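Notes for the one structure printed next.
Basis for what follows: all heavy atoms, side chains included, without hydrogens, waters or symmetry-related copies. A quick note: this is a predicted structure, and the numbers were derived from the prediction, not measured. Residue numbering restarts at 1 for every chain, and letters A, B, ... go by the order of the sequence lines.
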Protein chains: 4
Amino acid sequence: MSETFTGLHEECGVFGIYSNVQEDVAAICYYGLFALQHRGQESCGIVVNDRGVMTGYKDNGLINDVFTQRVLADLGLGNIAVGHVRYCTSGSNTRANAQPLIINHIKGSMALGYNGNLVNAAGLREELELSGSIFHTTSDTEVIAYELTKERLTASSIEDAISAAMKRLRGAYSVVMMSPKKLIGFRDPLGFRPLVIGASDNGYVLASETCALDAAGAKYLRDLAPGEIVVIDENGLRSITDNCVDSPRALCVFEYIYFSRPDSVIEGSAVHTARMRAGSMLALQHPVHADVVIGVPDSGLDAAMGYAAQSGIPYGLGFIKNKYIGRTFIQPEQQQRENLVRIKLNVVTDTVRDKRVILIDDSIVRGTTGARIVRLLREAGAKEVHMRVSAPPFLHPCFFGTDVSNRDYLIASHRTVQEMAELMNVDSLGYLDVHSLDMIPDNYHAGLCKACFTGQYPLDISEAPDKMRLEERLTKKI
Amino acid sequence: MSETFTGLHEECGVFGIYSNVQEDVAAICYYGLFALQHRGQESCGIVVNDRGVMTGYKDNGLINDVFTQRVLADLGLGNIAVGHVRYCTSGSNTRANAQPLIINHIKGSMALGYNGNLVNAAGLREELELSGSIFHTTSDTEVIAYELTKERLTASSIEDAISAAMKRLRGAYSVVMMSPKKLIGFRDPLGFRPLVIGASDNGYVLASETCALDAAGAKYLRDLAPGEIVVIDENGLRSITDNCVDSPRALCVFEYIYFSRPDSVIEGSAVHTARMRAGSMLALQHPVHADVVIGVPDSGLDAAMGYAAQSGIPYGLGFIKNKYIGRTFIQPEQQQRENLVRIKLNVVTDTVRDKRVILIDDSIVRGTTGARIVRLLREAGAKEVHMRVSAPPFLHPCFFGTDVSNRDYLIASHRTVQEMAELMNVDSLGYLDVHSLDMIPDNYHAGLCKACFTGQYPLDISEAPDKMRLEERLTKKI
Amino acid sequence: MSETFTGLHEECGVFGIYSNVQEDVAAICYYGLFALQHRGQESCGIVVNDRGVMTGYKDNGLINDVFTQRVLADLGLGNIAVGHVRYCTSGSNTRANAQPLIINHIKGSMALGYNGNLVNAAGLREELELSGSIFHTTSDTEVIAYELTKERLTASSIEDAISAAMKRLRGAYSVVMMSPKKLIGFRDPLGFRPLVIGASDNGYVLASETCALDAAGAKYLRDLAPGEIVVIDENGLRSITDNCVDSPRALCVFEYIYFSRPDSVIEGSAVHTARMRAGSMLALQHPVHADVVIGVPDSGLDAAMGYAAQSGIPYGLGFIKNKYIGRTFIQPEQQQRENLVRIKLNVVTDTVRDKRVILIDDSIVRGTTGARIVRLLREAGAKEVHMRVSAPPFLHPCFFGTDVSNRDYLIASHRTVQEMAELMNVDSLGYLDVHSLDMIPDNYHAGLCKACFTGQYPLDISEAPDKMRLEERLTKKI
Amino acid sequence: MSETFTGLHEECGVFGIYSNVQEDVAAICYYGLFALQHRGQESCGIVVNDRGVMTGYKDNGLINDVFTQRVLADLGLGNIAVGHVRYCTSGSNTRANAQPLIINHIKGSMALGYNGNLVNAAGLREELELSGSIFHTTSDTEVIAYELTKERLTASSIEDAISAAMKRLRGAYSVVMMSPKKLIGFRDPLGFRPLVIGASDNGYVLASETCALDAAGAKYLRDLAPGEIVVIDENGLRSITDNCVDSPRALCVFEYIYFSRPDSVIEGSAVHTARMRAGSMLALQHPVHADVVIGVPDSGLDAAMGYAAQSGIPYGLGFIKNKYIGRTFIQPEQQQRENLVRIKLNVVTDTVRDKRVILIDDSIVRGTTGARIVRLLREAGAKEVHMRVSAPPFLHPCFFGTDVSNRDYLIASHRTVQEMAELMNVDSLGYLDVHSLDMIPDNYHAGLCKACFTGQYPLDISEAPDKMRLEERLTKKI
């Protein structure tokens with residue numbers, strides 16, 4: 001998975017801040033989102049709340065392209081803000097889907113940023129449309145906004161409306177939102193996607209990952225519990241746990257393996273350490289005589305360090321990744337495309353020449369990229385290349401906010417390990433055993449969603465096909 | 001009114017095309033909107049319909065800034081398109097209000113572009129919000145979209161839904177919209193804003209003004225009747241006249257005086273000729289001995305030609321306007337601001353030196369700009385400056401889609417003509433008599449809205465204050 | 001000549017300011033150049049001198065595209081500045097040729113902006129190259145800089161060096177330059193190109209045209225005499241007239257007919273008035289029975305007013321030119337190109353329908369554009385179209401800084417007037433008689449260069465072919 | 001040295017290609033420069049030679065900002081190209097100094113890209129100025145171009161002219177240039193800066209580092225010898241060794257320690273391996289009891305791996321560097337600047353909490369940045385922090401093309417090691433011993449320039465002060 005994801009479903013990052021004083025909350029949001037950029041490179045947005053007046057800006061692009069000094073200044077001061085980064089998809093005109101979503105309703109305004117995927121969005125949307133609702137976007141966020149608004153008509157507060165609406169939303173969702181006077185975060189009852197709370201100098205911060213707390217200068221307090229609603233306003237922070245259920249959790253294991261930043265800590269377990277541990281277990285499960293262990297940058301480096309430490313085989317620097325690669329890099333002509341891997345990634349020849357090399361990555365996406373990387377190693381003189389993958393093979397689609405349902409990721413589902421090894425031209429190939437996944441986090445963690453590997457979904461997914469048909473219908477660029 | 005309008009309410013331009021073949025309808029829309037650019041410089045948008053799939057792009061900026069070659073190419077081919085230009089207001093973050101609006105509802109997609117102002121938007125919006133509706137924008141367009149969608153739930157066709165919804169919409173509206181298979185235009189029963197139909201090589205074109213038909217290579221067929229709905233689809237063009245009423249029309253007289261382009265023809269009457277005629281009548285009503293008649297570019301030039309022809313006093317070129325002035329022009333520092341008029345507008349000294357000058361403009365907005373222009377003339381050696389205004393003084397706010405309600409325009413409402421003359425430092429000042437307005441178009445036209453001059457509104461405006469309060473509430477930049 | 005010029009040779013605009021105080025001279029330069037934008041749209045530049053330190057910025061593009069608020073701020077304060085606008089040619093990579101040119105030499109720095117063309121540039125350049133000189137640009141400006149530098153090695157001051165170098169420069173040149181402490185302007189002994197001096201609040205201003213003095217808030221003092229050097233420093237303004245000769249002047253008549261802005265005054269004669277007078281004489285020389293006189297915007301409007309006044313036939317508004325046309329306008333596809341004239345220029349039908357029309361322009365460039373304009377008039381119902389051109393036909397190339405040598409302009413040189421009339425499809429065609437040209441300025445002006453009409457060059461042009469070969473050799477984009 | 005250099009002197013990267021066929025040499029140049037981007041981020045340029053016609057483009061900015069698809073396409077095809085990347089300095093208006101430099105002279109055109117610094121540039125420049133030369137830039141490149149041009153007047157070929165001119169150039173220079181028909185590289189007789197030759201499919205490639213050969217799809221042939229001139233034309237490659245002398249070489253040791261990319265190989269020795277070895281020796285010279293070895297990304301990682309391997313103490317991932325940091329990142333307000341290090345660099349807490357940490361970097365620039373990094377580690381729970389630097393302290397200025405003369409780098413020159421340790425708040429501090437430097441490359445390499453550590457310069461630097469005064473004089477932004 002050395003390349004970025006591409007596809008329809010999105011993995012996203014959310015951020016929110018509540019301050020007791022009027023200050024440059026947009027700038028703090030900017031730094032928080034900047035730390036979450038790896039969770040979404042397609043579009044980004046910030047909405048600032050200045051005494052109930054919400055001013056927002058969002059566009060396609062990276063945080064530091066979209067938010068210039070002037071755009072940030074135009075957002076002005078405020079005491080609440082929410083921000084969002086969204087996944088990179090192919091369409092250039094999908095600006096309408098950028099978040100946070102700002103809407104007006106009978107009780108005022110709200111702004112929402114969302115990470116996840118609703119299994120029953122199609123049904124909810126149809127029901128809304130049948131009562132005359134109109135939709136500007138194709139995203140679940142608008143469905144959630146409608147559900148909250150409907151409940152808000154009769155509920156005595158926005159948090160009561162959220163609590164009621166959550167009973168109707170099925171799937172993965174971590175939402176950060178604000179009403180005129182409150183910053184609110186809530187997380188689905190199974191806790192698919194992470195969401196954490198931090199304490200800042202003047203109030204509180206909500207974020208998808210702890211690395212964003214660090215960047216925003218906030219101290220980690222705790223993860224939101226699955227099903228929890230957290231409300232922050234002038235009276236401080238309070239928690240609503242009506243929707244917290246006793247069933248097993250379903251935290252996406254891929255947050256540990258790939259999505260989150262290595263310096264983040266999810267539910268008490270450090271991501272870098274979890275990846276090291278995946279590497280260690282891989283060394284135990286698939287040992288091989290070799291001279292050096294290298295990782296594919298950046299996704300395979302942590303596990304490679306774990307494999308090396310466990311096996312006693314030296315860890316080496318196998319590749320240099322060109323750090324100036326960006327969105328705007330010009331693709332070479334067809335005849336030079338072969339060369340593109342080398343432009344992004346160059347072998348450190350001394351590390352691998354005349355050596356038996358163990359190559360670690362966290363997954364195999366398209367065989368072609370992997371095969372090119374292996375070829376680079378052989379051209380540089382590697383005697384043997386043993387590939388080790390720090391996750392099991394993807395066999396089943398994901399319906400909870402990742403792109404794993406994309407066919408590219410399911411390449412392994414109709415091939416034997418031996419066939420994959422031949423495709424990549426490696427001397428041996430080993431995947432992490434699926435039963436090891438629960439041991440990756442610090443404490444044995446039985447509440448992980450591993451459905452993409454096992455096909456055992458933590459939630460009834462019988463409505464998912466409707467959602468997919470809806471997405472197909474709505475994938476008109478609007 | 002030598003400067004562009006600024007303010008909250010918008011005057012806009014709409015364009016639509018239906019073609020029997022798959023072609024570059026986006027490009028034709030681009031040329032049409034380019035000819036309508038004077039009706040709105042804030043934002044613009046084009047939506048292309050390719051067999052039901054609607055692809056749109058809209059942004060703040062002028063047509064040829066927003067629509068680059070690449071953006072146009074990305075819109076692709078299609079057989080229907082609608083476009084919109086919107087007025088220049090101060091906010092830079094109001095991109096959400098750009099049109100056309102694209103929405104999905106239970107029966108499919110639609111895209112709407114709108115020119116006008118609803119008097120009862122506040123009431124309609126509140127009613128919608130009370131049933132759980134959410135709003136992404138602050139514009140009337142979204143209210144109209146909701147009303148159409150609601151009616152569409154029970155109507156047998158989109159045109160039936162429009163016909164039913166029009167009974168609830170009160171105010172000025174000229175709308176161009178498309179459903180997956182139809183291009184539709186409709187106009188309010190009083191006909192405040194213009195809307196014309198043209199025949200193109202492969203179908204039909206709808207536009208706010210005939211100059212856009214010319215630019216799009218289409219031949220003028222006729223104006224839509226007030227209250228008329230025109231539907232264009234694979235069966236050709238048909239008209240629905242359910243909402244056409246027998247009451248007097250109320251075409252905005254300011255379309256002749258200022259808004260429309262001089263080369264456009266509205267309801268059979270050429271705009272340039274109407275302005276010439278206003279100048280002629282001004283000469284009859286306010287004669288003065290003088291040596292030359294000049295106009296303030298560009299808005300006063302037509303009337304100046306009419307005044308000169310009627311009075312026999314030679315028409316002269318009084319000013320050169322710098323034609324490179326654009327949005328991005330850097331404002332001078334405070335101490336040089338005095339100089340700004342001269343940077344935009346320079347006197348042709350030979351024309352006015354030692355002369356008695358009649359200076360024509362179509363209105364007086366801020367006295368300050370006018371006073372500066374008069375000062376330029378005196379510095380260039382004009383012996384006398386007699387100002388003539390080719391419209392009556394604004395005395396009452398407009399509620400039908402113009403900015404005349406802005407206080408700047410009502411400067412005359414609490415000043416005598418003599419006080420205004422002193423403010424401008426002119427030797428004499430004369431306004432066009434309000435009774436002459438009906439004679440400006442080719443044929444005596446009793447159906448003009450002159451409310452901004454007379455206070456006699458063609459429609460019950462008792463709901464207007466609600467609308468203004470709503471706008472105040474919503475003028476949060478979202 | 002309703003279209004902009006295109007070609008290799010450039011017509012340019014120069015501006016300079018000397019202030020007794022440290023101030024925002026860059027901003028004043030900006031406003032001055034903005035008024036001279038019509039003299040060159042390819043590139044522009046400003047150099048500010050802050051106590052001898054010269055900071056410059058130049059780029060391809062229009063003044064208000066290149067000079068953003070930030071770029072202007074970066075230039076900082078100073079007490080001298082020079083600026084330049086350069087003609088629009090096709091190449092996009094000729095940024096190296098943008099001016100002012102800044103160079104260092106043994107005695108310090110200098111910055112030069114230049115308008116004109118040297119006949120003997122090729123010879124001077126070869127001589128310099130033979131002594132080891134290297135050239136970064138293909139422009140004459142660098143040759144002039146070298147000649148000044150060489151003389152400066154032995155001269156006691158920069159003005160002495162200029163005086164000596166001028167004896168070697170043959171051709172048209174109006175130069176504005178600065179040394180660390182002086183603002184200097186000089187003009188070739190025949191005075192081909194204009195250059196004027198104005199007094200500003202804190203010092204002096206030099207500019208190609210008086211309209212730039214107006215924009216910069218300066219009062220016109222006088223034109224530089226042909227051959228004069230004007231030096232402005234802390235001691236005020238002084239004049240050096242060593243190179244002023246007694247021979248007849250050779251002011252380019254096209255400055256009156258086309259290049260300069262109508263509100264400028266050249267050598268005491270107002271440009272608008274000169275053009276009116278050309279129109280008057282045209283009426284006397286080529287009368288015709290007609291109903292209306294119209295001009296092609298913007299170049300034909302002044303002469304049309306003159307023709308109308310002289311003939312007694314009413315002046316009418318024949319066309320509306322879309323004022324939003326800019327550099328970035330997207331060209332239509334081949335099949336729509338026919339339509340492009342109409343997008344830029346639309347007929348005011350009422351003015352010409354069923355009328356005998358006299359159409360005035362200042363020249364005929366490509367017959368094709370003219371023919372399209374005539375077709376527009378006929379489609380709008382004009383009964384007859386009589387074309388009158390307010391200049392004689394171009395028959396000979398220009399070697400003094402205009403583009404008239406371009407073949408497009410010499411279309412008339414191998415056609416009879418009758419053939420031209422047929423090409424344009426007009427009912428009659430008349431050019432201004434060449435002998436009338438001396439009467440266009442206010443006082444009979446025998447010192448005009450009319451070589452493009454007569455072939456009688458005011459200067460030995462035997463070296464010009466070398467220059468043209470040089471340009472061909474150097475037209476490698478560098 | 002975790003931050004990028006800033007300062008006047010430049011370190012640069014050069015690239016050149018000669019192809020036997022007409023092809024997209026600009027694209028190959030683009031990929032080559034992209035791999036050399038770390039050698040210069042201020043500006044970049046490419047010049048393409050199409051049968052003697054040289055077309056170039058250069059601007060401030062990174063390769064993939066400056067060279068868009070369109071700019072590359074405009075450069076067109078050719079068979080020779082040269083490219084350049086230049087160091088990041090503060091000025092935004094120094095575009096004039098971007099390279100390659102393209103000039104015309106009596107024998108044709110040439111384009112040069114240069115890496116190095118001439119000690120005697122001031123004297124050469126003065127001599128040239130005294131003969132009337134003018135300078136457009138402040139860079140040595142223009143001096144070299146003049147010297148070549150002068151010799152070319154009498155030499156029989158460009159390579160003879162280079163050979164003669166080299167006898168006058170004193171200092172560090174690796175130049176890649178082209179004449180109308182030849183690609184030429186030459187290197188100063190002491191070989192301060194690297195320059196390598198590669199074989200491509202259709203010809204040859206010259207580059208500062210081997211990583212650029214890899215990116216361009218070329219195979220490494222050899223390094224140019226110090227003093228060698230390599231000429232590539234239709235007859236193939238030939239070498240001129242007139243200026244190769246027998247004295248000891250003086251390859252900049254900092255190319256191994258910091259400048260070059262870890263995957264490059266210089267004079268047979270791999271950079272990553274050299275850095276590992278520096279880390280190993282550091283472990284031997286400054287051992288300490290500790291639990292983990294971490295490096296400051298990216299500059300300290302290689303040496304940290306070497307220290308860990310030698311000491312047996314585990315190598316850990318101490319920091320995550322935000323990979324989206326770019327030029328345009330918005331600096332936080334003063335009160336948040338403290339936080340900036342954390343935004344760029346976040347600690348992986350698990351790696352350091354309750355541990356004794358050895359922290360490796362390749363140099364100490366400003367103590368402040370180092371102190372902040374140490375504070376991050378202590379806040380994350382590190383029990384002890386022992387800093388080890390994989391180079392000796394800088395004590396003397398560099399005159400050969402690096403920024404080490406900058407005062408920031410000489411912070412250690414007036415402090416004891418103990419004082420430095422206190423400044424950084426580390427428990428212990430150790431620098432690499434200066435005598436170890438010769439052992440860093442693969443084979444003991446006596447020909448390294450270590451002057452910045454030892455003060456023993458390989459070249460007479462008595463003229464250097466003149467150069468520094470010249471630079472001060474010319475540091476006017478032009």
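With a threshold of 4.5 angstrom between heavy atoms, A:Asp59 approaches chain B through its backbone and through its side chain. Interface residue A:Leu153: only side-chain heavy atoms are found under 4.5 Å from chain B. Heavy-atom distances place no part of A:Glu151 under 4.5 Å from chain B, backbone and side chain included. For B:Lys58, the part lying near chain A is the backbone, with the side chain staying farther off; criterion is any non-hydrogen pair under 4.5 Å.
Between B:Tyr146 and B:Phe135, the angle of the ring planes lies from 30° to 60°, which puts this pair in the tilted group. Aromatic ring orientation, A:Tyr30 versus A:Phe67: perpendicular (interplanar angle above 60°, classes split at 30° and 60°).
Interface summary for chain A: among B:Asp50, B:Leu128, B:Ile134, the most heavy-atom pairs under 4.5 angstrom belong to B:Ile134.
The closest side-chain donor-acceptor pair between B:Asp74 and B:Tyr57, if any, does not fall under 3.5 angstrom.
When all heavy atoms of A:Leu183 and A:Gly16 are compared, the pair lying nearest together is CD2-C, 3.8 Å.
With respect to the salt-bridge test (charged N to carboxylate O, under 4.0 angstrom), the residues A:Glu127 and A:Lys150 do not qualify.
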